[in-house]
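See below for the structure under consideration.
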Amino acid sequence: QVQLVESGGGLVQAGGSLRLSCAASGRTSFSSYGMGWFRQAPGKEREFVAALWSGGRIYYTDSVQGRFTISRDNAKNTVYLQMNSLKPEDTAVYYCAMKLGPIATRIANEYAYWGQGTQVTVSS
């Protein structure tokens, strides 16, 4: 079994920055798996934010391109989401997810493991 634990959320003013972390533990070959970040705002469906293949290819949703950066440290079994120039519309619960394969996708249903989520609130 794999556990994912996010941290780093909080309250920040518009234009500020946060770095989210997601640590994986349990029986995992972390470096072999694709990782993704998703978010869910109140009253909305969960949406894709960023994905990172085990081989390093990266995808972002258009609304965060140029502001967010996904990265990973395989030695620490951790994936990060650096969020800069935050906007009120970025307010959501952010989830990390692990896909049991090297190719991370934009499709939430393809991910096998999920963290509990961390709240990000951006004030205007």
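Computed from heavy atoms alone, side chains included, the values below leave out hydrogens, waters and symmetry copies. The shown structure was predicted, so the numbers you read here are calculated from the model rather than taken from an experiment.
- Applying the side-chain hydrogen bond (donor to acceptor under 3.5 Å, both in side chains) test to Glu89 and every residue at least two apart in sequence or in another chain returns nothing.
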- prompt: Would Trp37 and Val79 satisfy side chain to side chain contact (heavy atoms under 4.5 Å, CB included), going step by step from the backbone distance to the final call?
  reply: CA-CA 9 Å; Trp37 284 96; Val79 63; 3.9 Å; yes

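- Hydrophobic clustering (side-chain heavy atoms under 4.5 Å, transitive across Ile, Leu, Val, Met, Phe, Trp, Tyr) keeps Tyr95 apart from Ile107.
- Going from atom OG1 of Thr69 over to atom CG of Leu52 covers 11.0 Å, rounded to the nearest 0.5 Å.
- When atom types are taken as modelled, the side chain of Tyr60 and the backbone of Ile70 share a donor-acceptor pair closer than 3.5 angstrom.
- Transitive grouping of hydrophobic side chains (ILVMFWY, heavy atoms separated by less than 4.5 Å) keeps Leu18 and Leu11 in distinct clusters.
- Contacts classified as disulfide (SG to SG under 2.5 Å) and involving residues 57-86 (residues at least two apart or in different chains) are not found.
- Distance alone, capped at 3.5 Å, is enough to place a donor-acceptor pair between the Thr91 side chain and the Val122 backbone.
- Residue pairs meeting the side-chain hydrogen bond (donor to acceptor under 3.5 Å, both in side chains) criterion with at least one member in residues 44-57, sequence neighbours excluded: Arg39-Glu47.
- Both tests pass for Arg72 against the ring of Phe30: distance under 6.0 Å to the centre and angle within 45° of the axis.
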- request: For side-chain hydrogen bond (donor to acceptor under 3.5 Å, both in side chains), just list the numbers for Gln119 and Thr121, CA-CA rounded to whole Å, side-chain angles, deciding distance to a tenth of an Å, and then say yes or no.
  value: CA-CA 6 Å; Gln119 177 70 48; Thr121 303; 3.3 Å; yes

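- Counting only residues at least two apart or in different chains, disulfide (SG to SG under 2.5 Å) contacts with residues 69-124 comprise Cys22-Cys96.
- Ile103 and Leu100 are members of different hydrophobic clusters when ILVMFWY side chains are connected at heavy-atom separations under 4.5 Å.
- In this structure, OG on Ser31 lies 8.0 Å from CG on Asn77, to the nearest 0.5 angstrom.
- Between Thr105 and Lys99, some side-chain heavy-atom pair lies under the 4.5 Å cut-off.
- Partners of Tyr111 under the ring pair (Phe, Tyr, Trp, His ring centres under 6.0 Å) rule, at least two apart in sequence or in another chain, are Phe38.
- Residues satisfying the side-chain hydrogen bond (donor to acceptor under 3.5 Å, both in side chains) criterion with Ser7, sequence neighbours excluded, are absent altogether.
- Residue pairs meeting the ring pair (Phe, Tyr, Trp, His ring centres under 6.0 Å) criterion with at least one partner in residues 67-94, sequence neighbours excluded, are absent.
- Side-chain atoms of Thr118 come within 3.5 Å of backbone N or O of Gly9 as a donor-acceptor pair.
- Residues forming a salt bridge (Lys or Arg N to Asp or Glu O under 4.0 Å) with Arg67 (at least two apart in sequence, or on another chain): Asp90.
- For Ala14 against Ser124, the heavy-atom pair with the smallest separation is CB-CA, 4.4 Å.
- Formation of a donor-acceptor pair under 3.5 Å by the Glu6 side chain with backbone atoms of Gly117 is found in this model.
- By the salt bridge (Lys or Arg N to Asp or Glu O under 4.0 Å) test, Glu110 is found to be paired with no residue, residues two or more places apart in sequence or in another chain being considered.
- Residues Ala50 and Leu81 come closest through the heavy atom pair CB-CD1, 4.2 Å.
- Looking at residues two or more places apart in sequence or on another chain, you find no side-chain hydrogen bond (donor to acceptor under 3.5 Å, both in side chains) involving Ser85.
- Every residue two or more places apart in sequence or in another chain was checked for a side-chain hydrogen bond (donor to acceptor under 3.5 Å, both in side chains) with Asp73, and none qualifies.
- Distance check, rounded to the nearest 0.5 Å: CG of Leu20 to OG1 of Thr78 gives 12.5 Å.
- Of the inter-residue distances, the one linking Phe48 atom CZ with Asp62 atom CG reads 10.0 Å to the nearest 0.5 angstrom.
- Ala41 approaches Ala92 most closely through the heavy-atom pair N-CB, 3.8 Å.
- Put simply, the side chain of Tyr113 reaches to within 4.5 Å of the side chain of Gln1, judged on heavy atoms.
- Note on residues 27-80: no pairs pass disulfide (SG to SG under 2.5 Å), not counting sequence neighbours.
- Residues Ser17 and Gln82 form a side-chain contact, since some pair of their non-hydrogen atoms from C-beta on lies under 4.5 Å apart.
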